[in-house]
Every structure is written in C-alpha cells, then in structure tokens.
Amino acid sequence: MEYKFTEIEEKWQKYWEKARTFRVETDPEKPKYYVLDMFPYPSGAGLHVGHPLGYIASDIYSRYKRHKGYNVLHPMGYDAFGLPAEQYAIQTGQHPAITTENNIRRYREQMDKIGFCYDWSREVRTCDPDYYKWTQWVFIKLFKHWFNKSTGKAEPIALLIEEFEAYGNERVNAACDKCRKFNALEWKAMDEKEQQSILLNYRLAYYADTMVNWCPALGTVLANDEVKDGYSLRGGHPVEQKKMKQWLLRVTAYADRLVNGLDGVDWSDSLKEIQKNWIGRSEGAVIKFKIIPAGNETNDNPAIEVFTTRPDTIFGSTYMVLAPEHELVPQITTPEYQRRVEEYLEQAKKKTERERISDVKTVSGQFTGAYAKHPFSGDNLPVWISDYVLAGYGTGAIMAVPAHDSRDYSFAKHFNLPVIEVVSGGDISTGSYDAKEGLLINSDFLNGMDVESAIKKTILELEKKGQGYKKVNYRLRDAIFSRQRYWGEPFPVYYKNEIPYVLDEEELPLVLPEVDSYLPTEKGEPPLGRAKNWKTSEGYPLELSTMPGFAGSSAYYIRYMDPKNNNELVSKESNRYWENVDLYIGGTEHATGHLIYSRFWNKFLFDIGVVCKDEPFKKLINQGMIQGRSNFVYRIKNTGKFVSYGLKDNYDVTPIHVDVNIVNNDILDIDLFRKWNTEYSDAEFILEDDGTYRCGFAVEKMSKSLYNVVTPDDIIEQYGADTLRLYEMFLGPLEQSKPWDTNGIDGVHKFLRKLWKLFHHEQNEPQISDEKPSPEELRVIHKTIRKIEEDIEKFSFNTSVSAFMICVNELTSLGCNKREVLADLVILLSPFAPHIAEELWQILGGESSVSNVRFPEYNARFTVEESIQYPVSINGKTRMKIDFPADFDKEQIEKEIMKNETVLKYLKEKPVKKIIVVKSRIINIVT
RNA sequence: GCCGCCGUGGUGGAAUUGGUAGACACGUUGGACUUAAAAUCCAAUGAGGCUUAAAACCUCGUGCCGGUUCGAGUCCGGCCGGCGGUACCA
C-alpha cells in the first residue's frame, strides 16, 4: 500500500466533521487555552500559500495543547464588511452580501482542505446582524460613558449628569474636548439641546467637527492608520485634509493605559515599540502667552496656549508660531497684515497632504502683526503662522526656540528672527543645539541649572503665576469612526434637533437597509441616504454613515467565547472561563490599527464589567510575510526567440514574467509555455547545454499580475495537505518573512513517504512489531520527544520538522517498526501532519482520533549516554575528539587527557598553563 | 533624520544561548537499479592547500574593523548593507 494522501486526507476531514472532534464547550474540569488567528477579509482572489502560514502555526499549537490536556478554544470567522466588496458592487450592481457570501464559501473550502482543527460551530461574520448587533451595542455603551481621569476609567454618563446637577462641571476631571466651566444652576438653566451638546464633549463615542482624512476617490473619510504618505492604504488614492462633522471614539482617553498595558503582555519588542511610537506619549508643559493687541491693551486679552517638552528653554523663545488652522488666527491678525495672512492661508489650504509631506524642506510663514507677552521677561514676541506647526498636535501653537530646535532654527534664519542661546554646549552659529546636556545661560532664575532641574523649576514658576502647568501630550488622535459608505454596520443613532441620540438596546440590531445603488446621493449624502424609510418609528432620521472596518474586528475574540448568545455579548460564565486570548497569531500590519482599537474596546468593556481581563491578547506572534518568487524568461529583442538564463548575457534581451506554475525548479516546461499564452505558441528557444530552458527568478510581492501566485489548492493536489503544512513550517522561522519557493517541497514529501514506509515494511502491507524496543530505539524516540516539545513551546516549528526527519532517518536505518516507538512518533507528529497521523494511528490499532491522545512523556533515563565525546581544543582550536565515560568528573578528565598521545603530539612538550573542562561540553588546553 | 529587527555555503536555514560552525532539506556531481525515463537508493558537496590516489593533515572561513575571553556566529564599541515602522509630533 502506498501513501495515498488524497484519500487519507478526505477520509479524516470527513471523520473530524462527523465526529465533531474539535467542538469545545466550557469545562471547569480542564484548564483552558485560547488560540486565535486574525480572521481574514474574504477577498475575491482566494487564499494563496502565504495566508495559511499563521493558521498552520496556530493549528499546530492548538493540537499540541489538546494533547497536553487543555480545553482549547480555536475558532475562525470572517471580517466580512469592507471596501472591495462594495467597490465591486458599484461596478457590477451585485449586492456586496452576495459577493461576500461567495468569497466566504471559497475561503472555507480552501481552509477545510488544509485540515485545521477549528471549531466551526463558533464561526462569526462581522456582516451578520446577529453579530453586528453587539458591535452596535458596544457603540451605545461607548456613547453612554465618559472617561474619568481621576479614577482612570470609564463611568456612566448618567452619573456625570447627577454631578452636573449638583456641582456643575467644576469638580469633574474628564477626558474631554474643551468645555467652558458651568455651575449647577447654569446647568439646570440650559435647554436640552444645550445640555446634550455639552454631554457630547464627554462621551467616549462622540460627534464633532474635526479635521479628517478625506479620500475623494473612495468617497469617505479614513482613520490615520488607513492613510500612508498621503494616500489611502486601500486602493492608493490621494487623501486630503478637510473639516467635517464625524463620529469619533475617544481612544486618547485610554492612551496612558494603552502604553502601560504593553508592559504586561508577551508581544515582540518591535511591535510594542511601534505601538508606543504611535501613541507617542511626551511629557512637557502647557504655557500661556497673552496677546498684546496693538494700541488698546486690556486685561481680557486672549492667550496663546503652547505645548512644549522643553519649558527650560523659555528664555530662548524669540517668536511664536500658530498653525494656519488655529482658531485665534483671524482674531489676532492686525488689519495691516490681514491681506497677507489670508493669502498665506489660501496657499496653505491648497497644498494637499501629499505636497505638505514632500515639501518639508521649504520654509514658509507669515507674520500676523500681533505680539504675545513673554511670561517672565515681559518681552513682546511676534506671532507668526506657518504650516510647519500642525493643527492636530499639542495645542496647534508653539513658542519657537531657534537656538535649540532645528525647525525653529531654519525658520528664524529664513525670516531673520533673533536666536538666543540658553543651553550651553553647542555652537548655535552653525545650527540649533537640541541635546539636553548642558547648563542654562541667559535665563534669569534658571542660570546655571541643568536641563532636567530647569524644566521642573520653570513649570513650578509658571504654576505660581497661573501661566502654565505640567502636561502629558499624545500623538495618538481620537479615532474617526464614521465612513460615508454602504457595506458596514449602521450606527444605532438618530437625530432630533440636530442632536444625536442612540436607539434603545432592545431595538438592536439596526439592520442594514437595501438601497438601489451603492453610490452617494445627488445631494452628496452617503449611500444610506437612498434607503427608504431610514428613520425611527417616531420619524427621526437615522445616521447615514456606517462604521469602519475596525468596528467589527474590535471585539470578535470575545464573541467567539459565546457566539450564539442572543442576550449578551458574552455570558459571565463563558468569559470567566475563557478569560482572554492566550496566543494570537497574525500580521504586523495591524500594529497601529486593529491591535490598538481592540485593546481600547477591551479596556472599555473591562471598565464596564463585561469582560474580566484588562488586556485582550496575552501573547502575540507576528508571522512573517510570504513573498512571491517570480520566474522570468528572456526574449531576444524584436524576435520570438527565448534564451535560457545561463546564456542570456550574450544577447540583448527583455525579461518577461512567466507563470511559476509552469516552471519546476527554475526549469521551464516548454510545451506548457507555448500553451500558456497564444502569443508564444511558435516560440523558439536557445537552451542550456543539458537541453533545458532555465528561468531567472526574483523575490517580489505575491500577485496575480506578476504570475507568481501559488495557491494551497495546487500544492495539496500535488503533494497533499500534510506536505503543505510541514513545508510551510520547514521554510524557516515563523516570524521571518521569506519568499515562497516550491523547490524544496520534495524533501518534505519524501519524508512523509519514508515515514509511511516505516509502518509498511515488506511489500507495502502494514507491519508492526510488538517486540520491546531496543535501548537505541528508545533513545531515538525520547530524544525526539524532548526536542519536539521544546521546539513547539518556543514556536520553532522549522526545527521540529528537521527533528522529525532525523528521527525517521534513524529509525529507518535501525529498521524499527516497534509499536511502542511508532505510536509515540505518530502522536508527536499529529499536530503537524494530522491526516497521515490519524491513518497511521489507526494502523497501529488506535481507537478514535489521535488528536485526543495524551502527548508522550519524555523519559531522561532513555537518553542517558554511557560515554560522552569531548571535542578537545588546544589554545581554542579543535584538534580531536576523545570519548570519556559520562560519569567522569573534571579531575578525572584532566588527568586522563594528559596521557593521550595525540594531545601530547600537539603540545610538543610546551608547558600546559591551564586545562578548561566544561562537563559534557568541551575540553580546552591552554599552553 | 529617528526607532526597531536582521546580515551564516550555490539556495532555505541549524547551532544546547559563550563551548565541535554549516544540523535538516533543496540543488549540483558521481554511482546503483532500468531497454530507457520517472521514482527509489547509495556516495560526495564551505573555500583553498598537500598527496599518483585515498586516508591523514594544514590554512582560511558566520557583512567589515577593533575589543573582552582559555574559547565569539553568539557579548561590547565603531562602520557598511538590507528589511520594517515613523516622519515638520514642538
């Protein structure tokens, strides 16, 4: 009987499904383990071999944990709302739900063929109303909560209202937008509209005017993490800055907890670093500079608030700069500068985000005519506007210190503004001195201090004068949460008097309505503007935007714990049992999006008592990307002749991408090539000496247009799923990016056939011996048990595959077909190659599935060596190997080694200074 | 520019965490089997030297230069190159 992988794999996939092998329920008797994959967006192209890399790794770990006695939750689902299906709908008129459904079916077929141990009864789809009901529910909760900075957590808006009624907002320390102070009487005197507008400033989900990334081509706004270098991440369309009224999530309220929480999770340093940088916490001070209006000075002047991390340099501040969009600009500009300021604003506005980024070097700006008063020296500082100051960061205004900030320096030089050195140690005639080393000079009461104490002293003095305070600032912005698109979750929001209200929880889900077209309306409203009766039963209009992609993925890992629950997002019991994700595997591209948002959602749900853990993902592994490996043929220019790789340098050639599926080990299948494209049906070839056509290759993105896409289906058809699984792991370390190169796959497939042969000694019939294994056989298998267990624990799956190969090679040369040994081997292998393992387990007489069998125990007794081979070095150079009994101690070895003839030969009678013996490792003789 | 990660044979990659560099596999070469091919099996395979040949032996070798150490792919300092993140963030 030969190894018929297709039959075997279909047989066991059916068995698992029928026997419900991988269904899990909460089971207080067993320890739990939660293994999660980042669920895919089901695209029309289907899976290529790069996609399952992480899924295979997590599957191996899940199966391993099951063998170790854990109750393993290992679910899968679909991130099913999103732009591609909608773009396709716009082009073809086909409802995105249909496209999505078809794509999901294809994904499922592909995944099933790989033999994953998912509990599919827990599948979730973000576009399913039973699922997005809970996305909407969390949104309502966010709307009904505010962040209390004093307690450091979310609290109900209802309690905030009670506080307002008793004391106004004077005692409240909230994460909120600028809000004027009021007392209880004032609050009570307000009408509902006014009260609601104020409350919006506090809600964690709020509706506000804000600068947004507007993408005209996609017809929607985008979050910061969806934009890169001024282009949309999806589609690569230009993005511009625009002020619009939008829904936002107050992620910034949690900025501190998002940074601090990173210390407690087992993620890679690089990923933590990316998140820390994205959140961008910096400590500094807010300082107020009073405006001096020309002529009539009063006490009630407006003040410019700046944020700085270097308050110590305040005496070096020689001018101020506001962002062009700063709200004080029109108010403070003096009449004589009015026209020039307006011109500058116009010019700045015209610049796209893209131009602003690429144009960093050009200095531009405009004086407003206004002056601000230095809080200590009383000097008049000219107030400028310039687009090198960003409206969205800090307060949108700076005190410029040209001597100690490179941007201020080039601005000051360009416009001939004074430069005052206040920290010694640099040479300000050539450039700014930004370092924090040096003593303060030219700085009144700060003179002689170091930077660190000067910062503290300055803040203290500012606070005394009421002109400033210590402040932590973040680069992170609140997340823009609305999209002017169709295929997403509708907001459970209606408008009354232009004020947004949320629906009652009982009214959920608010189901996405049908529309006649997926384009914006003529009035420029989002597609939901076309929906009939899109209003509440009382007739109030519903929100027309939908939620962004990250809405549905922000709590899906929680829903898997209790996916069918119609009364709660997750039951207390399920959540208390499964807690949070023990192992999360997915791509690093979600570092600043999903992985921030879901941590934010989770922390909020923790605050309101829905989940029991503050962090969602305990351990996270980023699998590397699988790149494509393209093949080329070389056409001699202006001919139909193709020259092989080794000879191409003798001709003037054009490299042409050729489908990697008609190339084997870089050798082109010429017949298939002629059929591949009619253009080449008459192609002629100049071949290598051995009569083959050799292709060139390059590592590129895996993409249809480069003809380098390899699908798991192709590999499975040719080699089987077990080979695919092993080969993806064998390719290299999980976290490393690498090109897909089918060239090595034969070796892995050969290994499985060799394994099969161990069980089928003579003429292909199964043949298992019940004899007691020899010590050597036991040594081989126990060595492997230890190695595999260690490797799986550290996710080093490529080395496990090698260890299996070594084991099978050794057992083959020992001629071992002992049941005891082979049974252990099959269990070890079953997480990696589950189908062949089940089949061989059955041959061994195992009942039911091997996946429920206990992992073999490593027994050190079997791997003890009687003697140890020591490499012997003379002065660090390995010269020979000598065996010593394993129980020899250092002294015995030292004594024996000096009797060895070869050693004496090398020493040439030189005196020995020192002998270093590292037990069971090495001997080094120093002369 | 700043931050993080990484540089090992023709190729993918190993290396007990400071202890025999190149495991395992691909590829290549030679051989066996076969009418032949495929498949399979066996052997060799870092570079160079010595030798009629083999065994044996020697030198060099983990991006480059230097350091610590009995001993460095691994630790430290400085460079060079690649990948990823971020970018007027005050």
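A quick note: this is a predicted structure, and the numbers were derived from the prediction, not measured. In what follows, every chain begins at residue 1, and chains take the letters A, B, ... in the order their sequences are listed.
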- Atom pair distance, as rounded to whole Å: CZ in Arg694(A) and P in G27(B): 11 Å
- Message: OP1 or OP2 of C58(B) versus the side-chain N and O atoms of Arg879(A): is any pair under 4.0 Å?
- Response: yes
- Are OP1 or OP2 of A87(B) and a side-chain N or O of Arg475(A) less than 4.0 angstrom apart? yes
- Task: Ignoring hydrogens and angles, tell me if any N or O in the side chain of His374(A) forms a donor-acceptor pair with the backbone of Leu381(A) under 3.5 Å.
- Result: no
- Residues in side chain to side chain donor-acceptor pair (under 3.5 Å) contact with Arg281(A), at least two apart in sequence or another chain: Asp256(A), Glu283(A)
- Note on the structure: Of the candidates A14(B), U20(B), G12(B), the side chain of Phe730(A) sits closest to G12(B)
- Message: Ignoring hydrogens and geometry beyond distance, is a side-chain donor-acceptor pair present between Thr799(A) and Ser802(A) at under 3.5 Å?
- Response: no
- Item | Exercise: do Asn708(A) and Asn631(A) side chains pair donor with acceptor under 3.5 Å | no
- Note on the structure: Its contact letters, B for base, S for sugar-phosphate only and - for none at protein heavy atoms under 4.0 Å, make nucleotides 36-45 of chain B read ---SS-----
- Note on the structure: Using Watson-Crick geometry (N1-N3 plus N6-O4 or O6-N4) or G-U wobble (N1-O2, O6-N3), each under 3.5 Å, A39(B) is paired with none
- Note on the structure: Exactly one of Val251(A), Thr252(A), Leu258(A), Ile279(A) clears side chain to side chain contact (heavy atoms under 4.5 Å, CB included) with Tyr474(A), and that residue is Ile279(A)
- Query: Any chance CD of Glu452(A) has more than 12 other-residue heavy atoms, nucleotides or ligands included, within less than 6.0 Å?
  - Reply: no
- Query: Hey, is G9(B) sitting syn or anti, using the within-90° cutoff around 0?
  - Reply: syn
- Message: Less than 6.0 angstrom separating the ring centers of Phe804(A) and Phe832(A), yes or no?
- Response: yes
- Within residues 785-804 of chain A, find the residues that approach RNA chain B with a heavy atom at under 4.0 Å, and present them sorted by residue number. Asn798(A), Thr799(A), Ser802(A)
- Query: Which nucleotide, in any strand shown, forms a Watson-Crick or G-U wobble pair with U45(B), with both distances under 3.5 Å?
  - Reply: G27(B)
- Query: Looking only at atom P, what distance separates A25(B) and G46(B), rounded to whole Å?
  - Reply: 15 Å
- Query: Picking from U20(B), C88(B), G19(B), which would you name as closest to the side chain of Arg921(A)?
  - Reply: G19(B)
- Message: Let's see if you can work this out: which of G13(B), G19(B), A21(B) has an atom nearest to the side-chain heavy atoms of Gln736(A)?
- Response: G13(B)
- Message: Can you confirm if the NZ or CZ of Arg599(A) lies within 45° of the ring axis of Trp267(A) and under 6.0 Å from the centre of its six-membered ring?
- Response: yes
- Partner of A53(B) under the Watson-Crick or G-U wobble criteria, both distances under 3.5 Å, comes out as none
- Item | Under-4.0 Å salt bridge between Glu810(A) and Lys783(A) | yes
- Lys754(A) and Asn809(A) side chains, donor-acceptor separation under 3.5 Å: yes
- Closest to the Asn809(A) side chain: A21(B), G27(B), C24(B)? C24(B)
- Message: Work out how far the C1' atom of U69(B) is from that of C83(B), and round it to whole angstrom.
- Response: 33 Å
- Note on the structure: Taking U86(B), U20(B), A90(B) as options, the one with an atom nearest any side-chain atom of Thr878(A) is U20(B)
- Message: When both hydrogen-bonding distances must be under 3.5 Å and the geometry is Watson-Crick or G-U wobble, what is U86(B) paired with, if anything?
- Response: G1(B)
- Return yes if a side-chain donor-acceptor contact under 3.5 Å exists between Ser364(A) and Tyr344(A), otherwise no. yes
- Query: Can U35(B) be described as syn, meaning its chi torsion is within 90° of 0, or is it anti?
  - Reply: anti
Shorter than 3.5 Å, N or O on both sides, protein versus nucleotides 70-72 of chain B: list them out with atom names.
| unit_1 | atom_1 | unit_2 | atom_2 | d |
| --- | --- | --- | --- | --- |
| C70(B) | O2' | Asn924(A) | ND2 | 3.3 |
| C70(B) | O2 | Asn924(A) | ND2 | 2.4 |

- Message: Is a donor from one side chain sitting under 3.5 angstrom from an acceptor on the other, for Tyr858(A) and Thr784(A)?
- Response: no
- With a 4.0 Å cut-off on heavy atoms, is Ile398(A) in touch with a base, just the backbone sugar-phosphate, or nothing at all? base
- Note on the structure: Across every strand shown, the nucleotide meeting Watson-Crick or G-U wobble geometry with U16(B) (both distances under 3.5 Å) is none
Listing time: all N or O pairs from protein to nucleotides 2-8 of chain B that are below 3.5 Å?
none

- Any side-chain donor-acceptor pair under 3.5 Å between Tyr597(A) and Asp225(A)? yes
- Query: For G7(B), which nucleotide is its Watson-Crick or G-U wobble mate, given both distances must be under 3.5 Å?
  - Reply: C80(B)
- Those residues at least two apart in sequence (or on a different chain) that pass side chain to side chain contact (heavy atoms under 4.5 Å, CB included) with Leu233(A) are Lys228(A)
- Side-chain H-bond candidate by donor/acceptor type, His749(A) with Arg753(A), under 3.5 Å: yes
